Amino acid sequence: MTREQTPRAAGDTPERLYTITGGRSTAEDCELDLVTLIVSESEAQPGRQSEHLRILWLCRSPTAVVEVAAELDLPVSVVKILLADLLDAGEVTARHPTAPRAADQLPDPAFLEKVLVGLRNL
């Protein structure tokens with residue numbers, strides 16, 4: 001079956017996505033990438049949008065943006081908008097991946113070679 005022949009999930013309809021995001025197509029000033037870890041900073045409160053509640057519940061432990069999108073069965077762009085709302089409200093925090101280390105901060109290659117030799121001898 002092709003994509004056109006399969007029934008669409010409720011989250012796939014453009015009308016639903018428009019409603020979920022409040023008509024927004026991008027998250028303003030939100031620097032989230034797929035591997036940014038999201039962590040809930042508060043309990044889910046009644047009266048919130050159901051997707052926000054699910055994110056807060058899901059992110060009780062650090063969860064990558066891409067995992068949140070997969071669990072919600074929503075496009076990453078929509079999830080980023082929802083996460084931006086929660087970030088602005090202080091209900092979640094984002095832990096960005098660490099930047100690559102500079103060459104002078106990497107372990108000494110000779111030390112790594114000794115570790116490798118030791119592991120081979122086990």
Side-chain angles (χ1 to χ4, degrees):
M1 276 190 159
T2 65
R3 172 94 172 137
E4 293 77 30
Q5 294 172 331
T6 58
R8 297 179 82 159
D12 280 357
T13 63
E15 298 83 13
R16 172 134 170 86
L17 297 178
Y18 182 86
T19 302
I20 289 172
T21 62
R24 296 169 290 165
S25 60
T26 59
E28 299 297 323
D29 300 325
C30 189
E31 303 263 339
L32 298 173
D33 58 24
L34 296 177
V35 295
T36 299
L37 296 176
I38 306 297
V39 182
S40 297
E41 296 296 332
S42 66
E43 293 294 320
Q45 300 297 318
R48 294 292 315 235
Q49 184 175 335
S50 63
E51 290 80 13
H52 286 145
L53 295 174
R54 289 181 63 203
I55 291 170
L56 290 171
W57 181 83
L58 181 64
C59 295
R60 292 175 294 168
S61 60
T63 307
V65 171
V66 70
E67 292 177 81
V68 174
E71 286 293 324
L72 296 178
D73 195 26
L74 291 171
V76 172
S77 58
V78 171
V79 170
K80 285 182 178 182
I81 294 168
L82 297 171
L83 290 171
D85 294 342
L86 293 170
L87 283 165
D88 289 345
E91 296 185 76
V92 297
T93 55
R95 296 180 185 173
H96 298 284
T98 57
R101 290 183 175 183
D104 61 336
Q105 294 177 325
L106 295 175
D108 179 37
F111 173 74
L112 293 176
E113 185 65 34
K114 289 179 182 178
V115 170
L116 184 59
V117 169
L119 289 172
R120 285 183 182 149
N121 289 335
L122 289 177

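Since the model is a prediction, treat every value here as computed from it, not as a measurement.
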Using the rule that Ile, Leu, Val, Met, Phe, Trp and Tyr join whenever any side-chain heavy atoms are under 4.5 Å apart, tell me whether Leu37 and Leu83 fall into a single cluster.
no
Just how far is it from atom CD of Glu91 to atom OG of Ser42, taken to the nearest 0.5 Å?
4.0 Å
Nearest heavy-atom neighbours spanning Glu71 and Arg54
O-NH2, 3.1 Å
By salt bridge (Lys or Arg N to Asp or Glu O under 4.0 Å) - contacts of Glu67 (at least two apart)
none
If you round to the nearest 0.5 Å, how far is CG of Leu72 from OG of Ser50?
9.0 Å
Taking side-chain contact (heavy atoms from CB on, under 4.5 Å) as the test, write out the residues that go with Asn121, two or more places apart.
Val117
Min side-chain heavy-atom separation Leu87-Leu32 under 4.5 Å
yes
Going only through I, L, V, M, F, W and Y residues with side-chain contacts under 4.5 Å, is there a path from Val79 to Val35?
no
Is it true that Leu122 and Val115 fall in one hydrophobic cluster, defined by side-chain heavy atoms closer than 4.5 Å?
yes
For His96 and Glu31, work out which heavy atoms get closest and say how close.
CE1-O, 2.9 Å
With the side chain counted from C-beta on, respond yes when Leu74 and Leu82 share a heavy-atom pair under 4.5 Å apart, and no when they do not.
yes
Leu112: what forms a side-chain contact (heavy atoms from CB on, under 4.5 Å) with it, not counting sequence neighbours?
Pro107
Any Val92 side-chain heavy atom under 4.5 Å of Leu56 side chain
yes
By side-chain contact (heavy atoms from CB on, under 4.5 Å) - contacts of Glu41 (at least two apart):
Val39, Thr93
Val76 meets the side-chain contact (heavy atoms from CB on, under 4.5 Å) criterion, sequence neighbours left out, with Leu34, Val65, Ala69, Lys80
When rounded to the nearest 0.5 angstrom, what distance separates CG in Leu58 from CD in Glu51?
13.0 Å
